[in-house]
Amino acid sequence: MHRLRKKSGNMSAARMQVLSSRNVRLLSRGRNEVFAGRSGAQRPGGDPRTRSLTCPPLSSSSSPGRALSSLSATRRGLPKEKMSENGIMSRAKVLTIDTMNPTVKKVEYAVRGPIVQRAVELERELSEGMKKPFAEVIKANIGDAHAMGQQPITFFRQVLALCSYPELLSDSTFPEDAKSRACRILQSCGGNSMGSYSASQGIDSVRQDVARYIERRDGGVACDPDNIYLTTGASDGIVTMLKLLVCGEGTTRTGVMIPIPQYPLYSAALAELGAVQINYFLNEEKCWSLDITELQRAVNEARQYCNPRALCIINPGNPTGQVQSRQCIEDVIRFAAKERLFLMADEVYQDNVYAEGCQFHSFKKVLFEMGPEYAETVELASFHSTSKCYMGECGFRGGYMEIINMDDEVKDQLTKLLSVRLCPPVPGQALMDLVVNPPQPGEPSYGSFIKERTATLSALAEKAKLTEQVLNTVQGISCNPVQGAMYSFPRITIPEKAVKEATQPDMFYCMKMLEETGICLVPGSGFGQKDGTYHFRMTILPPTDKLKILLNKVKEFHQRFTQQYS
């Protein structure tokens with residue numbers, strides 16, 4: 001260590017010697033004087049250690065190339081170089097906020113935005129012993145089921161454990177149906193290992209199981225496994241389809257219709273792709289229903305400045321929690337056919353339906369039951385995921401999309417595009433297989449699977465009702481019935497004084513709630529809302545006892561906030 005420090009010291013001395021008084025004078029020569037000092041002529045054969053740091057003077061005898069090289073970086077349109085403290089030129093960064101992709105800067109994702117970032121800071125401050133008005137931060141901003149205490153389905157985890165570590169197949173504690181399912185999945189993997197790549201479209205046997213699941217779900221409507229694409233969660237499939245759809249410039253640029261309120265994935269993806277976002281508003285007064293006259297208004301106005309090509313539907317709704325009726329779905333399909341729009345049906349919450357009289361209807365099922373006029377012409381992509389419903393397995397990033405009536409040549413391009421990222425995570429594909437092909441009657445794990453599944457969905461239904469009831473007891477808060485999905489999206493009244501004080505009143509409201517109560521919510525502005533209205537999104541996922549505490553804290557905060565700013 002002593003020799004190393006001595007050597008380092010000698011190197012530092014050598015550097016200092018480079019910057020002797022004569023060399024400093026040499027450095028000061030040139031058009032841009034870096035150091036103050038005399039600019040005497042440099043002698044031929046000057047110190048080679050400093051020559052590269054100086055700018056040669058312009059002269060009539062200089063070649064055009066030499067003259068250009070002596071111009072300032074700014075005049076040449078290049079990043080300006082800076083002198084570091086040790087006298088060495090440091091090159092400006094190639095990638096800066098001014099030179100990066102401008103569409104990325106337009107991307108916003110409120111679900112993990114500024115309030116969530118502050119929540120993470122508060123968690124750290126609490127862990128460091130700082131005093132707060134609360135003992136913990138409750139992240140009610142996102143549908144992360146297991147993080148909020150929802151328990152995984154035992155059968156799913158058993159099979160995934162066996163697939164990850166096949167030596168466990170000899171362990172008698174695992175049920176035989178879990179072992180046989182793990183063997184089937186492993187036999188479909190290269191080298192009988194989940195660590196291998198799969199086909200870009202996904203493992204064949206899993207796609208076949210997905211197709212059979214869709215046929216059962218839709219009452220026998222045929223499903224071709226070749227139309228199934230396994231994806232990295234539903235988000236991956238949605239963004240991929242948007243990539244295929246976006247084209248044109250100016251008034252021919254692709255426009256995509258999205259619901260307001262919406263899940264911010266859509267607005268973020270459209271901003272990144274440089275597409276045009278076309279807003280259509282859900283009707284809050286009618287439990288966030290979808291009105292065809294509003295779709296017509298939106299598409300008619302949009303045609304003045306872009307080319308509407310796609311219509312996105314989220315059913316059950318996120319963040320609004322509504323479940324669309326069959327009649328509404330039929331109307332949407334007719335509208336898409338009339339206006340020549342590609343339909344994208346986000347159906348990741350299809351098992352999360354709670355309200356009496358509500359039922360999930362898949363867009364594909366309704367489409368085919370409407371007859372050949374629609375079933376053979378309307379282009380549709382539908383999406384599902386392992387992240388929500390009773391599974392809540394967000395981290396495995398499993399999902400699929402099914403495409404209907406896609407042009408064969410475009411389908412080839414879709415397969416090519418997906419091949420660029422090689423394949424979705426194989427553990428996520430395996431989990432997707434278990435979701436669409438769970439234990440069957442007569443198998444050892446069937447009883448426990450049904451018990452766990454039913455308990456999870458029943459608890460969510462109970463918490464959806466509880467959330468609606470408690471929030472509607474608060475003066476200044478109104479909450480529509482949470483018919484499905486995992487969130488409430490209540491409307492809040494913000495006093496005029498607070499509105500005038502804040503640029504984004506609902507952001508101001510949610511940030512103050514976080515600082516005072518430790519509850520992390522997402523302001524409605526992050527999802528979109530009608531001008532003059534304010535909301536927040538809150539998940540219903542916390543355990544019932546914690547959800548009650550959370551709701552009471554929201555109630556107390558709103559009363560305190562209203563009193564403070566009235």
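For the numbers below, each heavy atom of this structure counts, side chains included, while hydrogens, waters and symmetry mates do not.
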Heavy-atom donor-acceptor pair, [X] side chain to [Y] backbone, under 3.5 Å:
X: Ser188; Y: Ile203; answer: no
X: Ser127; Y: Arg124; answer: yes
X: Ser196; Y: Ser193; answer: yes
X: Arg309; Y: Leu245; answer: yes
X: Thr539; Y: Ala140; answer: no
X: Lys463; Y: Leu541; answer: yes
X: Gln440; Y: Pro438; answer: yes
X: Arg216; Y: Val436; answer: yes
X: Asp218; Y: Val221; answer: no
X: Asp171; Y: Thr173; answer: yes

Quick one: pull up [atom1] in [X] and [atom2] in [Y] and give me the separation to the nearest 0.5 Å.
X: Met538; Y: Leu471; atom1: CE; atom2: CG; value: 5.0 Å
X: Leu431; Y: Met391; atom1: CG; atom2: CE; value: 7.5 Å
X: Ile403; Y: Phe383; atom1: CD1; atom2: CZ; value: 10.0 Å
X: Glu379; Y: Asp407; atom1: CD; atom2: CG; value: 8.0 Å
X: Leu514; Y: Asn141; atom1: CG; atom2: CG; value: 9.5 Å
X: Tyr266; Y: Gln277; atom1: OH; atom2: CD; value: 12.0 Å

For the student: nearest non-hydrogen atoms of [X] and [Y], plus distance:
X: Pro259; Y: Ile314; result: CG-CD1, 4.1 Å
X: Gly526; Y: Pro264; result: O-CG, 3.6 Å
X: Cys389; Y: Leu457; result: C-CD2, 4.5 Å
X: Ile185; Y: Leu434; result: CD1-CD2, 4.2 Å
X: Leu242; Y: Ala269; result: CD1-CB, 3.8 Å
X: Lys132; Y: Arg118; result: NZ-NH2, 4.1 Å

Hey, does [Y] have a side-chain heavy atom less than 4.5 Å from the side chain of [X]?
X: Glu402; Y: Asp224; value: no
X: Tyr400; Y: Ser385; value: no
X: Cys287; Y: Pro481; value: yes
X: Ile260; Y: Tyr280; value: no
X: Leu230; Y: Ile228; value: yes
X: Asn437; Y: Tyr213; value: no
X: Val332; Y: Leu343; value: yes
X: Phe155; Y: Arg181; value: yes

Against the six-membered ring of [Y], is [X] placed for a cation-pi contact (under 6.0 Å from the centre, within 45° of the normal)?
X: Arg453; Y: Tyr390; answer: yes
X: Lys364; Y: Phe368; answer: yes
X: Arg537; Y: Phe489; answer: no

Classify the side-chain pair [X]/[Y] by whether it contains a donor and acceptor separated by less than 3.5 Å.
X: Glu468; Y: Ser488; value: no
X: Gln262; Y: Asn318; value: no
X: Tyr446; Y: Asp177; value: no
X: Glu443; Y: Ser445; value: no
X: Asn352; Y: Gln350; value: no
X: Ser387; Y: Arg397; value: yes

In this structure, are over 12 heavy atoms from other groups packed under 6.0 Å from [X] atom [atom1]?
X: Lys465; atom1: NZ; value: no
X: Lys546; atom1: NZ; value: no
X: Lys411; atom1: NZ; value: yes
X: Glu356; atom1: CD; value: no
X: Glu167; atom1: CD; value: yes

Residues [X] and [Y] bridged, charged N to O under 4.0 Å:
X: Arg212; Y: Asp209; value: yes
X: Arg421; Y: Asp236; value: yes
X: Lys139; Y: Glu123; value: yes
X: Arg157; Y: Glu393; value: yes
X: Lys388; Y: Glu347; value: no
X: Glu556; Y: Lys553; value: no

Margin query: Using side chain to side chain contact (heavy atoms under 4.5 Å, CB included), reason through Tyr487 and Ile540 one step at a time and then give a plain yes or no.
Written below: CA-CA 6 Å; Tyr487 317 97; Ile540 64 170; 5.9 Å; no
Next item on the list: Classify the angle between the aromatic ring planes of Tyr509 and Phe536 as parallel (below 30°), tilted (30 to 60°) or perpendicular (above 60°).
Entry: parallel
Check: Is there a ring pair (Phe, Tyr, Trp, His ring centres under 6.0 Å) between Tyr349 and Phe360 once you walk through the steps?
Finding: CA-CA 9 Å; Tyr349 295 98; Phe360 171 75; over 10 Å; no
Next item on the list: Begin with the C-alpha distance, continue with both residues' side-chain angles, and end with the deciding distance and a verdict on side chain to side chain contact (heavy atoms under 4.5 Å, CB included) for Val276 and Thr254.
Entry: CA-CA 6 Å; Val276 178; Thr254 293; over 6 Å; no
Next item on the list: Take Thr154 and Gln158 through the side chain to side chain contact (heavy atoms under 4.5 Å, CB included) test and state the conclusion after the steps.
Entry: CA-CA 6 Å; Thr154 301; Gln158 286 175 331; 3.7 Å; yes
Check: Stepwise, does the side chain to side chain contact (heavy atoms under 4.5 Å, CB included) test hold for Thr377 with Asn405?
Finding: CA-CA 6 Å; Thr377 60; Asn405 293 324; 5.5 Å; no
Notebook entry, point to check: Gln529 and Asp506: side-chain hydrogen bond (donor to acceptor under 3.5 Å, both in side chains), yes or no, with the steps?
Noted result: CA-CA 11 Å; Gln529 55 196 348; Asp506 54 356; 2.7 Å; yes
